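Here's the structure we're looking at; comments come further down.
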2 protein chains.
Amino acid sequence: MLTIGKLGAQARVKVPTIRYYEQIGLLPEAERSAGNQRLYSRKALERLAFIRHARDLGFTLEAIRDLLSLSDNPEQSCAAADAIARAQLAEVESRLARLTALKAELERMVVQCAGGKIADCRVIEVLGDHGHCMADHHRPVDSV
Amino acid sequence: MLTIGKLGAQARVKVPTIRYYEQIGLLPEAERSAGNQRLYSRKALERLAFIRHARDLGFTLEAIRDLLSLSDNPEQSCAAADAIARAQLAEVESRLARLTALKAELERMVVQCAGGKIADCRVIEVLGDHGHCMADHHRPVDSV
DNA sequence: CTTGAAGCTATAGTTGCTAGAGACATTAGG
DNA sequence: CCTAATGTCTCTAGCAACTATAGCTTCAAG
């Protein structure tokens, strides 16, 4: 049995984050020691590793909740999990496209800034005028 | 003079967002009509367009605050604005790299899911096991 | 002159954590 | 065995950057 600190170290998840996951029901309530400290099994570590990995891949906690409920009921069809992963892939591809356009524009801005005064600064100028845009990146680029 | 709704439409910024920007001091307090409604000049529209564009490019509100104070003092050197833009570019490049790795893994997951039962589903399996990772994307991928 | 859209303020909610306070538990060293 | 340091507990509040709701007032069109 692992204490919360060891668990966090093994899964590379911070301790308050683990407690937060328990609070929102993503992790079951942990067993407790005589002194009321949380104790975790190897199974709990696997579940947390699953969550950590899915977060790294950009899944929201809601999507992870779905995936976990799928893996808790392994007799169902794989289609649902597949759909979640496909949706996630589409999202990632869209973000990639927008980020690429965005990178081009930032590079253009930086190159054009010739080290003069603000008054001539292309960074400021480009930011002030949509007409200078080369690409259609005009949708919120919020989260990976 | 524009009402807040017209301003929002022209800059493609939602009305509550404009009020929020005023509240946090990113926009100056607007003039008011006799009936206490906010009125905006063309200058205000430009400032809001600047913010909108910078947000699209992924600048934080804090970075935008800095850029705006630079553009309010056009006699200074351009170096600070350039530094902000360069930092943003570096951030975007790092996100691009991680997203690309992530996309590869999601594709692999989707391909491997052959439409069977969850018990054989690679989506779940890959997410549960860091050993399956092909790329080093194991850093928080939080925001674009 | 009426009615419906648009505006106002204020507050609370969102996502995914992170940080702090103050109290109790555990462990390593002397 | 005692103590000091570290770890853990609960609870609350805070972060970014909005978004939504409620309950009101104002404005513009017909």
Side-chain angles (χ1 to χ4, degrees), chain A residues 1-27 29-40 44 48 50-68 88 91 95 139-144, chain B residues 1-27 29-40 44 48 50-68 87-88 91 95 98 139-144:
Chain A
M1 287 305 216
L2 301 164
T3 59
I4 197 170
K6 312 288 180 194
L7 179 75
Q10 294 217 21
R12 267 123 75 237
V13 174
K14 286 180 191 145
V15 168
T17 304
I18 298 171
R19 290 197 277 245
Y20 168 72
Y21 287 163
E22 177 179 316
Q23 191 192 308
I24 64 169
L26 210 56
L27 291 176
E29 292 197 9
E31 288 179 61
R32 298 301 181 113
S33 71
N36 198 35
Q37 302 197 345
R38 289 175 181 80
L39 293 178
Y40 295 92
L48 184 56
F50 182 106
I51 295 170
R52 162 77 211 261
H53 199 174
R55 288 294 297 136
D56 280 352
L57 287 170
F59 290 88
T60 65
L61 293 183
E62 263 329 289
I64 293 170
R65 206 187 286 277
D66 291 348
L67 286 169
L68 281 169
Q88 197 62 26
E91 181 62 24
R95 285 172 186 176
R139 296 157 53 205
V141 178
D142 20 77
S143 124
V144 173
Chain B
M1 286 304 214
L2 303 164
T3 59
I4 197 169
K6 311 288 179 195
L7 180 74
Q10 294 217 22
R12 270 125 71 235
V13 174
K14 286 179 192 148
V15 167
T17 303
I18 298 171
R19 290 197 277 247
Y20 168 72
Y21 286 165
E22 177 179 317
Q23 190 191 308
I24 64 169
L26 209 56
L27 291 176
E29 292 196 9
E31 287 178 63
R32 298 299 181 114
S33 73
N36 197 37
Q37 302 197 345
R38 290 176 180 79
L39 292 178
Y40 296 93
L48 184 55
F50 182 106
I51 295 170
R52 164 73 213 260
H53 197 174
R55 287 293 297 136
D56 279 352
L57 286 170
F59 289 87
T60 64
L61 292 184
E62 263 328 289
I64 293 169
R65 205 186 287 276
D66 292 346
L67 287 168
L68 281 169
Q88 190 62 23
E91 181 62 25
R95 285 173 186 174
R98 279 181 284 156
R139 298 157 53 207
V141 178
D142 20 76
S143 118
V144 172

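Small disclaimer: the values here were computed from a predicted structure and weren't measured. In what follows, chains carry the letters A, B, and so on, assigned in the order in which the sequence lines appear, proteins first and then strands, with residues in each chain numbered from 1.
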Self-check item: Close approaches to DNA chain D from residues 30-38 of chain B, in residue order (heavy atom, under 4.0 Å)
Solution: B/Ser33, B/Gly35, B/Gln37

Quiz item: Restricting to pairs with a member in residues 13-23 of chain B, which pass side chain to side chain donor-acceptor pair (under 3.5 Å), not counting sequence neighbours?
Solution: B/Glu22-B/Arg38

Self-check item: Main-chain N/O of B/Arg12 paired with B/Arg52 side-chain donor or acceptor, under 3.5 Å
Solution: yes

Self-check item: Residue pair B/Ile51 / B/Leu26, side-chain heavy-atom distance below 4.5 Å
Solution: yes

Quiz item: Which nucleotide of DNA chain D is the first, and which the last, in the 5' to 3' direction, to come under 4.0 Å of a heavy atom belonging to chain A?
Solution: D/dG7 to D/dT10

Practice problem: Determine the minimum heavy-atom distance between B/Val15 and B/Gly5, stating which atoms define it. | Solution: CG2-CA, 3.9 Å

Exercise. Take B/Tyr20 and A/Lys6, find for each the nucleotide of DNA chain D with the closest heavy atom, and name the residue whose nucleotide sits nearer the 5' end.
Key: A/Lys6

Quiz prompt | From A/Leu7 atom CG to A/Ile18 atom CD1, the distance as rounded to the nearest 0.5 Å | solution = 4.0 Å

Practice problem: Show your working on side chain to side chain contact (heavy atoms under 4.5 Å, CB included) between A/Leu39 and A/Leu2 and close with a plain yes or no. | Solution: CA-CA 5 Å; A/Leu39 293 178; A/Leu2 301 164; over 6 Å; no

Self-check item: Net bend of the helix from C/dC1-D/dG30 to C/dG30-D/dC1, end axes of five pairs each, nearest 10 degrees
Solution: 0°

All N/O donor-acceptor pairs, side-chain side in residues 57-65 of chain B, below 3.5 Å, sequence neighbours left out:
from, atom 1, to, atom 2, distance (Å)
B/Thr60, OG1, B/Glu62, N, 3.4
B/Thr60, OG1, B/Ala63, N, 3.1
B/Glu62, OE2, B/Arg65, NE, 3.0
B/Arg65, NH1, B/Ile24, O, 3.1
B/Arg65, NH2, B/Ile24, O, 3.1

Exercise. Find the distance between OH (A/Tyr40) and NZ (A/Lys6) and round it off to the nearest 0.5 Å.
Key: 14.5 Å

Quiz item: Hey, is CD on B/Gln10 packed in by over 12 heavy atoms from elsewhere, all under 6.0 Å?
Solution: yes

Practice problem: Between B/Thr3 and B/Gln23, name the one whose nearest nucleotide on DNA chain C is closer to the 5' end. | Solution: B/Thr3

Quiz item: Which two nucleotides bound the region of DNA chain C that has atoms under 4.0 Å from heavy atoms of chain A, read 5' to 3'?
Solution: C/dG16 to C/dT26

